[in-house]
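Each remark here refers to the structure printed beneath this line.
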Amino acid sequence: MRPFREALISLVRRPMLAALSVTAISLSLFILGLFGLTAHNISRALAAVEEKVEIVAYLRDEIDEAQLRLVRSEIGAFPEVESVEYVSKTEALYNASRELAEFSDVFPDVEVNPLPASLEVRLLPGRRDPQSVGTVAVRMSGYDFIDDVRFGRDWVDRIHTLRRIAGGTALIVGGSFALVAMLLVGATVRMSIHARSTEIAIMENVGATAGFIQRPFLAEGLISGLAGGAFALALTFGAYRLLDRAVMAVLWLPDLWIAAGILGGGVLGMLSAGRSVRQELKGLYAI
Amino acid sequence: MRPFREALISLVRRPMLAALSVTAISLSLFILGLFGLTAHNISRALAAVEEKVEIVAYLRDEIDEAQLRLVRSEIGAFPEVESVEYVSKTEALYNASRELAEFSDVFPDVEVNPLPASLEVRLLPGRRDPQSVGTVAVRMSGYDFIDDVRFGRDWVDRIHTLRRIAGGTALIVGGSFALVAMLLVGATVRMSIHARSTEIAIMENVGATAGFIQRPFLAEGLISGLAGGAFALALTFGAYRLLDRAVMAVLWLPDLWIAAGILGGGVLGMLSAGRSVRQELKGLYAI
Amino acid sequence: MIRFRNVTKHYPRSGTALADASFHVRKAEFVFLTGPSGAGKTTVLRLVHMELAPTEGEVIISRFSSTRIRRREIPQLRRRVGFVFQDFRLLERFTAAENIAFALQVTGANRSAIRPKVMRLLDHVGLASRASAFPAELSGGERQRVAIARALATDPLVLLADEPTGNLDERASLGVFELFKQLNALGTAVILATHDTTLLRRHPETRVLELEDGRLVYDSRSDVPKPPHASSGDSSIFELVRGGPAP
Amino acid sequence: MIRFRNVTKHYPRSGTALADASFHVRKAEFVFLTGPSGAGKTTVLRLVHMELAPTEGEVIISRFSSTRIRRREIPQLRRRVGFVFQDFRLLERFTAAENIAFALQVTGANRSAIRPKVMRLLDHVGLASRASAFPAELSGGERQRVAIARALATDPLVLLADEPTGNLDERASLGVFELFKQLNALGTAVILATHDTTLLRRHPETRVLELEDGRLVYDSRSDVPKPPHASSGDSSIFELVRGGPAP
Ligand SMILES: Nc1ncnc2c1ncn2[C@@H]1O[C@H](COP(=O)(O)OP(=O)(O)OP(=O)(O)O)[C@@H](O)[C@H]1O
Ligand SMILES: Nc1ncnc2c1ncn2[C@@H]1O[C@H](COP(=O)(O)OP(=O)(O)OP(=O)(O)O)[C@@H](O)[C@H]1O
Ligand SMILES: [Mg+2]
Ligand SMILES: [Mg+2]
């Protein structure tokens, strides 16, 4: 195919220009990679904390098997609820003895188990905000056999605020980074094509149509963008390894993000090239 | 001055090239601005949390005025200690009654105040790590009149870990961003000067020395860098306002950072330009 | 084929380069366009090529008129017009052969036909051995010959040649001129802008259009008598020669 | 002043452009350098300018030798050598006047002296009215004259002129030639590379060096007889002219 052959020839024959523009594209996309890495890990950490949001309903001792089954299945059917776990009185005592050393001393001695049985309710992801938690808690406390409902309002509020702040910051800072990366790729491609305006003018002079002139540049933009994306991936991986070893265990980016980043680089390179070439075309009359 | 006059002429006569390279420089430095904004706010938030690290020493009821004064001044002289605050039995009771609603019910009724007096010790910034805290606590518990020393080891550990992680991440991610910004500025300046290699070759042909050729380019690099820095500042301020309104109250960057950013942009632009021109010089013989 | 109707061209920062010029070049005609430096020769050729729009008047080439042509028709026109530019305009990153091939690719020529045709053209201008050299690796005259070969490549309807022998020795010039004559014999209209008086003197039968200071002062096919060699233009050089101070 | 000692120049991708050339040009001498396109004329001038290093042999200009010159001496040399490049090499973003002024600034000329000198030079080449035009706004011949004015600006020790009249009409050529003669009369050595046979014929007293295919085949000052007009080079054009197919 002419466009790709010519693009490769051109990249090889202008090694400096090609190297500089691929470098600039790589660095621009690396910004996204770094931001993605940070954002992904923070978001996963928050999600992990949020998973601990649960509502505990303490049951009266009088509840019987059938009633328990009914309550469990009814609560399990609430639209917000992910799972309902039953913790018997014995289990509660066992857990308490493991968690509290002082308690463990008295454990074998107690005659009567003072701890109530309970239902531990987890909510679906996306329904762990204070309002949903509150609603579910209120509905649950309506049951006769439920003595008391607890969910640590402060805790839920605080996580929610954190999430909102992290999300808003990520949206604004991340959006800025993404925009910056796009604009940077655009500016560098524009620059590398501006450096070739004489070439483009000559092509026009010889009677080449806009499309004919553009095609190799589009191919070149695509190739540079993909190459830039690949290098950016390598750089991001380097930063990931460094973080992982020097600071703490971090998660690597999801495959989808990686694929989107590289393809995005290619498409961005191509679109920028197309736009830049169109801007260089003199059109009908030079003067 | 010739260099600056020529630089301005050149910027005006190549508006496209000038605009593109200033744009690219602005965007690159904006990355630093955004990162700086985020890092500064996270660091301030962590510092605020860390300020709450304190060691509380409960005093025996038997302690008298003179002994108390001695203990206070001795502990205040520890190299790690910032301040020592005395909380009397009465104050302790008052505080407890304000913080715990249940307690407040019984407050007027109590005959004997069950709460001990205490010393609240704050450490100097930079000495709030688990080890320093532990050392001070051990030294304090050596005093006769001190009954018990508490500092919430888990809390101190957790804050310290967070600090370490945030610091490490900032160092690696921020270092990468700074490097990327520098390389990007370098690459775009290099590109814009590469676009003028013919011009440079002609100057050499006419007998201009390397220094004579370089000077206007240095001035141009300085001007573009400063302009890029100023635009980056404006963009960063925009992001700050957006964050501040849409997400949460954030702190603006310290003046020193701003000055360093803009001056850094100028110096970076100048150095990159100098290096780029030297690379374009054909030198002794073209072939 | 080529018709100028009262064409005037002003350049933004320098004024009138062509004033009220009217002439007609027929199909398969051969015309010398002459006049001193700065007279407007290149301007006329660029108007034919529709690289410039006339400020006033109309330029008509074949079925294209400067007043009605649309943007996407420009490439169609240019593919029928071969232009040997005064400053060559070779693609620096293309070899001599690739520069010529490019002009053929643009017309959608058959890929397999391009290579032999390019080699034949290079051979015609004496550059077969330099086919794979880049413009920067060619001498001035060699570059000019590549530009000539490119202009001839597409068997154009109209050939515009702007000082095409300025960098060529007498023998090469003659060869190039013969190439133009042959193309002309096959039906191509040729406008050759030149100062080369040897060339003019050698072909007294050929039509001459003479410009001076943007005005068409002489057309050998009309009845206007050739004016005495005129006054304006480069007088200052002569003042100097007649006794100005050394630089 | 200028001495070539068995100078050979190979270009990386194209072989020998100059083979074992030896000659000497004295102070205040005027030399025509001639030969067909591709013979090596520009190569000789670029060697004098130390833009190229000889592959073998030695080039000596005044006190500079190609074998010993150091990087920082190159600008010193070039400031003493005026060069009218075949492709002009004007700074595109500088006006005509600024292009000439630049050559003077480079030599550290007094700022207040530059402006009047530039205007005088522009006037000498008939471009006073185009002083503030950019190269892209000039005609081919006008650009060439700016290049000439720039080369003359620094009162050089040596003037190299590469086909300096290729884009000029006869009268302007004569004027330029007279400028060169005047400079030469003041002590500047001039090497003028040209194919312009009219110029050569008009100045039979002037020394001629003739190159052919990289060899120095004739020096009018030595006793070597001028060879019959030779064989190689652009023969293919003539084959065509003698009856090859049209392109
Ligand atoms: N792009 C431009 N902008 C402004 N003025 C121009 C431009 N191009 C040419 N001119 C001016 O118009 C006049 C005619 O220029 P043109 O190039 O047509 O001359 P020419 O006859 O080709 O001369 P030459 O023989 O020197 O090439 C000249 O005075 C020139 O300075
Ligand atoms: N940079 C280069 N790289 C490779 N080959 C070159 C280079 N420059 C010139 N040549 C070749 O060297 C030979 C001599 O070139 P040169 O420019 O000296 O010729 P010239 O006598 O000036 O010709 P003209 O009259 O056409 O300008 C030519 O065959 C040319 O192709
Ligand atoms: Mg012209
Ligand atoms: Mg030459």
Side-chain angles (χ1 to χ4, degrees), chain A residues 1-22 191-221 223-224 273-287, chain C residues 9-14 17 43 46-47 49-55 59 64 66 68-85 87-95 98-108 111 114 134-136 147 150-151 153-154 156 160:
Chain A
M1 276 168 83
R2 185 188 79 97
F4 282 93
R5 214 189 48 238
E6 301 235 322
L8 288 172
I9 289 176
S10 157
L11 288 168
V12 169
R13 288 193 186 159
R14 281 187 196 72
M16 174 64 84
L17 205 59
L20 284 172
S21 91
V22 171
M191 220 170 197
S192 78
I193 284 177
H194 186 64
R196 294 161 68 179
S197 53
T198 316
E199 186 177 328
I200 292 171
I202 293 174
M203 291 177 169
E204 264 192 294
N205 272 319
V206 177
T209 57
F212 190 87
I213 296 174
Q214 250 180 2
R215 279 191 290 274
F217 283 94
L218 291 178
E220 217 178 305
I223 294 170
S224 317
R275 216 175 118 266
S276 304
V277 173
R278 278 196 300 282
Q279 288 177 352
E280 289 294 342
L281 291 175
K282 298 272 183 309
L284 198 44
Y285 296 115
I287 300 174
Chain C
K9 176 68 195 173
H10 297 296
Y11 282 113
R13 280 165 34 93
S14 75
T43 303
R46 292 175 75 191
L47 284 163
H49 201 228
M50 301 227 179
E51 216 178 299
L52 298 177
T55 313
V59 177
F64 302 101
S66 64
R68 286 187 306 274
I69 195 165
R70 278 182 296 160
R71 184 172 182 135
R72 58 176 180 72
E73 290 174 324
I74 291 282
Q76 294 168 29
L77 165 68
R78 297 213 179 136
R79 280 181 233 155
R80 323 292 316 263
V81 178
F83 199 151
V84 183
F85 299 97
D87 51 0
F88 316 153
R89 304 203 192 164
L90 299 178
L91 296 163
E92 284 297 319
R93 298 295 152 175
F94 283 26
T95 62
E98 287 167 355
N99 265 283
I100 300 167
F102 185 82
L104 288 165
Q105 285 163 4
V106 158
T107 62
R111 271 195 60 183
I114 290 178
F134 292 101
R150 180 178 62 184
T154 52
L160 308 174

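Letters go in sequence order (proteins before strands), and every chain restarts at 1.
Between atom CZ of residue C:Arg71 and atom CG of residue A:Leu281 there is a gap of 6.5 Å, rounded to the nearest 0.5 Å. Taken from CD1 in A:Ile213 to CZ in C:Phe102, the straight-line distance is 6.5 Å, to the nearest 0.5 Å.
Only the side chain of A:Arg2 comes within contact range of chain C, with at least one heavy atom under 4.5 Å from a heavy atom of that chain. Proximity to chain A is absent for every atom of C:Arg72, based on heavy atoms less than 4.5 angstrom apart. Proximity to chain A is absent for every atom of C:Thr107, based on heavy atoms less than 4.5 angstrom apart.
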Can you give the donor-acceptor pairs under 3.5 Å from side chains of residues 73-83 of chain C to other protein atoms, not counting sequence neighbours?
unit_1, atom_1, unit_2, atom_2, d
C:Glu73, OE1, C:Arg70, N, 2.9
C:Gln76, OE1, C:Arg63, NH2, 3.3
C:Arg78, NE, C:His49, O, 3.0
C:Arg78, NH1, A:Glu204, O, 3.2
C:Arg78, NH2, C:Met50, O, 2.9
C:Arg79, NE, A:Gly207, O, 3.0

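Residue C:Arg111 qualifies as open at atom CZ: its count of foreign heavy atoms under 6.0 Å is 12 or below.
By the side chain to side chain contact (heavy atoms under 4.5 Å, CB included) test, C:Glu98 pairs with A:Arg13, C:Phe94, C:Thr95, sequence neighbours left out.
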